[in-house]
Each structure stands twice: as structure tokens, then as C-alpha cells.
Amino acid sequence: MATMPTGTNNIPQKEATTTSKPNRGGLEGIVAATTALSKVEGTAGRLIYHGYNIHDVARTTTFEEIAHLLWFGHLPNKTELSSLKARLVAERTLPTTVLQTLRALPSTTEPLDALRTAVSAWGAATIKGKPTIEQAIAVTARFLVFLAAFQRLRNGLEPVESQLELGHAANYLYLLNGQKPQERHVKALNAYLVLLADHGMNASTFTARVVASTESDIASALVAAIGALKGPLHGGAPSKVQDMLDAIGTVEQAESWLRAAVARGDRLMGFGHRVYKTEDPRAEELRELARLADPREFILARRVEELALAILEEQKPGHRLYTNVEFYSAALLSSVGLPGDLFTPTFAVSRVAGWTAHILEQVRNNRLIRPEAEYTGPMDLKFVPLGAR
Ligand SMILES: CC(C)(COP(=O)(O)OP(=O)(O)OC[C@H]1O[C@@H](n2cnc3c(N)ncnc32)[C@H](O)[C@@H]1OP(=O)(O)O)[C@@H](O)C(=O)NCCC(=O)NCCS
């Protein structure tokens, strides 16, 4: 019998602020929910998916197995996995409403905006009532269908039909390119999808839970989550990492480029994290995957990483900054042939598993998420009617 991951709403109050440093805002250190889905251990640099260390599952499981873990609370046996795969495959359709919506968008639309719009159109046409596991499976199967359809349409190509025998990662590459993908690309992309599937109370997951807590629907929660993911301080960084590597161009130019950027006060994309005070364990996995995927491109990325860390340590003493997940996401996704503006939407193709699992967890034990604000405006002003002002 499946044990559903259960969070509770009995939030330990004492943990609300964990440091004696002044409150710098951003809800830093605040426990906003309880969850049984994933645990981010910032000091140890550990990421746990419902009991499993990310290093144990990163290259040994499929995205579908991890989705099963998040949705049903345990890794599937063969029968359960076949059943989930069949359910996902059955949902790999491109509804007419969504296709028409995507066709209506200008080809200059950012793919993440197209995905957000497609999810909204899908929700408007099909979603009613409280979030369900059936809806979670349906939307997870469709994220990549919507995205690949837009990628082809904006390049003047017609969408192609999903291939029933292909797994999630392989089908995504097939839908993008219209041809069977190379096995090494499928493996690399699958590992990426596994690594990005969930990550504690990150900004987009929090957003999804806030919307779900109002008893809104799953499509609305996901549209909001995609919006939160878009910003460069969250999921929008990897294409900017790619822009940075392209601008640097060669190993020889790396140091002067990075020094100039830090001197201007720019943030180096792919470094720093709110929770990790050591290396992001996903970066460690992605570094190795990127090295295997494209050893030549890896040389520049690795040198830029080493120099960036050294320069940040020198220029920002007191802030220990480490490589985050986005730095090698860029190299990995580029090595499987994705253009830069598909990096963040591909993050969403993975994270939708976590978002939907969190939405379902929130709904199972819901209490409206409604924090307070500290008012800093004036008080007791004397009201003067419009004509007398
Ligand atoms: C991820 C991130 C938003 C975390 O931010 P945060 O917890 O709010 O950290 P803060 O904004 O408080 O930064 C603390 C200090 O480190 C600096 N810093 C943090 N990340 C930095 C980076 N990538 N490059 C340069 N300086 C950085 C800040 O400028 C700040 O220095 P200051 O106090 O001298 O102004 C931040 O590290 C960042 O912007 N990174 C780059 C974008 C990125 O890679 N995003 C993907 C995240 S997975």
C-alpha cells in the first residue's frame, strides 16, 4: 500500500529564525511549511528525496521513478513503474486549445512564457475542482509536449506526435528534433530531470503552495510557479551562465572578464545560494555529467568556475559563495542540443513533478498560507477631503 508523503501544518515555531544575524528579509530561515518530499541540508550540502540521498539516485534512476517517489511516497517496483509510465504516455497529447494558443503567439515569445501560457490554456479548457494525482500526471506528461510544440512552431515546423515506446527524457528530445535521440543525450537529460525534480521550499514551490492553499486549482498554482521560476535569482540563471561563457569565449580571457564583472558589482550567474553554505550537491553531479557529455566545452566551464570561485572569495570575504546547480545545467543542456532559451523551461519540465507533489501535499492537509507584514508607513494622519487638499 502506498504511503503518501505527508507534510503537516504544525510548523515548529522555534525554528522560525535560525541565526542571530539581523533579518535581511526574503523570509530567510523561516520555516513556511512542513514537507516529507525533499530536504535541503545547507551546511552539509546534502539533498534528500523522501529518504534517498541525491547522489544515490542521480544516475541510477529515471525521471519517472523519481516522480513516483514524490507522488506516491516510495520508489516503484517494476509493475508500479510500468503502470505510471503507461499513465504518463496516455496523457502525452497536445489539446487543440493549446495548439491554437501556441500558434497565436509571436515567434519572438520566450519559450518559458509560451509554456506558462499553454499551461493556462490547458487549465482553462480542462481543469475543474481540487488538485488530484490524475491532474498531476496529466500535466507532467504535457509540459514537454507543450514546450516542444512551441519550439518547433517558432522555427516554422509542425509539432510531431509523441513516440509511445520512448521514456520521458527521450520523448522530449524526440518531440524537439523529430528524430530518435542519441542514447548518451537521453541519459544526460534524464539525469538532469532527476536532479532538478524537487528542492525543498524554493521560491517557485513556495509560490505553488501559496496558490494551492487558497483552494485554487492546479493549473493556476503551476502558472504562478512558472512565473516565479523565470527570474534569474531562481531558475532563469542557466541561459545567463551560457551567455557568460559565450562572452568569455576562451580560457585566456576568463580572468579579466570575471574580474571586470565583479568590479562592476555584477552577480556571477551560477554561484551563490540562499541555503547551501557549501557546494550544491547537484552541481557536483552535473559537473561530472557535463564533463562526460562534452569534454571540450567542459574545459572552459571548469576554468571559469575555478577562477570565479577564487575571485569571489577574494572580493567578497565573509560571504562564502559556491557553485550552484545552474552553472553546469547550462553546459549539460547545451551538450544535448538545447538552445539557451530552453534551459529554464526544461528546468520546469523536471520541477513540475516536485511542484505537483507539493500542491497535493498542501491540499491533503491545508491551511491558508497568509503571513503578516511589518507596517512601516505613517500612522494617525489627519484626513483632508479632495477639494481641500
Ligand atoms: C542565489 C542568490 C539569489 C542567493 O541570494 P541571497 O541568499 O539573497 O544572497 P544575498 O543576495 O544576500 O548575497 C550575499 C552577498 O553575496 C553576494 N553574492 C551572492 N551571490 C553572488 C554572485 N553570484 N556573484 C557575486 N556576488 C554574489 C551579494 O552581492 C551579497 O554581497 P554584499 O552583501 O556585499 O552585497 C544569489 O547568490 C545570486 O544572485 N546568485 C546568482 C544567480 C544564480 O546563480 N541563481 C541561481 C540560483 S540556484
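What you see is a predicted model, and the numbers here were worked out from it, not measured in a lab. For the single chain, residues carry numbers from 1 onward in sequence order. Counting convention: from 1, in listed order, for ligands and their atoms alike.
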Which protein non-hydrogen atom lies closest to [atom], naming both residue and atom, and how far is it?
{"atom": "atom 24 (N) of ligand 1", "result": "Leu268 N, 2.9 Å"}
{"atom": "atom 25 (C) of ligand 1", "result": "Leu312 CD2, 3.5 Å"}
{"atom": "atom 19 (C) of ligand 1", "result": "Leu321 CD2, 3.6 Å"}
{"atom": "atom 4 (C) of ligand 1", "result": "Arg274 N, 3.8 Å"}
{"atom": "atom 41 (C) of ligand 1", "result": "Phe271 O, 3.4 Å"}
{"atom": "atom 1 (C) of ligand 1", "result": "Gly272 O, 3.6 Å"}
{"atom": "atom 12 (O) of ligand 1", "result": "Arg24 NH1, 2.8 Å"}
{"atom": "atom 29 (O) of ligand 1", "result": "Lys316 NZ, 3.4 Å"}

Out of Arg267, Glu28, His319, indicate the one that has the non-hydrogen atom closest to atom 13 (O) of ligand 1.
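Heavy atom nearest to atom 13 (O) of ligand 1 belongs to Arg267.
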The one among Leu233, Leu258, Ile311 that brings a heavy atom closest to atom 3 (C) of ligand 1
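That would be Leu233.
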Can you name the nearest heavy-atom pair linking Phe143 to Leu115, along with the distance?
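Closest heavy-atom pair between Phe143 and Leu115: O-CD1, 3.6 Å.
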Measure across Thr344 and Leu229 and return the closest heavy-atom pair with its distance rounded to 0.1 Å.
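Shortest heavy-atom separation between Thr344 and Leu229 comes out as O-CD2, 3.8 Å.
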Under-4.0 Å salt bridge between [X] and [Y]:
{"X": "Lys240", "Y": "Asp266", "result": "no"}
{"X": "Glu110", "Y": "Arg116", "result": "no"}
{"X": "Glu255", "Y": "Arg303", "result": "no"}

Is the closest N or O pair between Val325 and ligand 1 shorter than 3.5 Å?
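By distance alone, the answer is no.
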Test your reading of the structure: does Ala237 have an N or O sitting under 3.5 Å from an N or O of ligand 1?
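No; every N/O pair is 3.5 Å or more apart.
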Inter-residue atom distance Leu144.CG - Phe63.CZ, 0.5 Å rounding:
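CZ of Phe63 is found 8.5 Å from CG of Leu144.
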Check: Gly26 main-chain N/O paired with Arg274 side-chain donor or acceptor under 3.5 Å
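Between the backbone of Gly26 and the side chain of Arg274 there is a qualifying donor-acceptor contact (under 3.5 Å).
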Looking at Glu326, which atoms of ligand 1 are within less than 4.0 Å of one of its heavy atoms?
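Ligand 1 atoms under the 4.0 Å threshold to Glu326: 46 (C), 48 (S).
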Within the 4.0 Å heavy-atom shell around Met269, which atoms of ligand 1 are there?
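That gives atoms 42 (C), 44 (O) of ligand 1.
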Would you sort out whether Asp294 and Ser335 count as a side-chain hydrogen bond (donor to acceptor under 3.5 Å, both in side chains), showing the intermediate values?
CA-CA 6 Å; Asp294 193 335; Ser335 78; over 6 Å; no
Assess whether side-chain hydrogen bond (donor to acceptor under 3.5 Å, both in side chains) is satisfied between Arg367 and Ser213, documenting all intermediate values.
CA-CA 6 Å; Arg367 185 150 192 252; Ser213 85; over 6 Å; no
Could you check whether Ser239 and Gln242, counting side-chain N and O atoms only, form a donor-acceptor pair closer than 3.5 Å?
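Not at all, the side chains of Gln242 and Ser239 share no donor-acceptor pair under 3.5 Å.
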Can you find a non-hydrogen atom of Gly26 under 4.0 Å from ligand 1?
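Judged by the 4.0 Å heavy-atom criterion, Gly26 does not count as contacting ligand 1.
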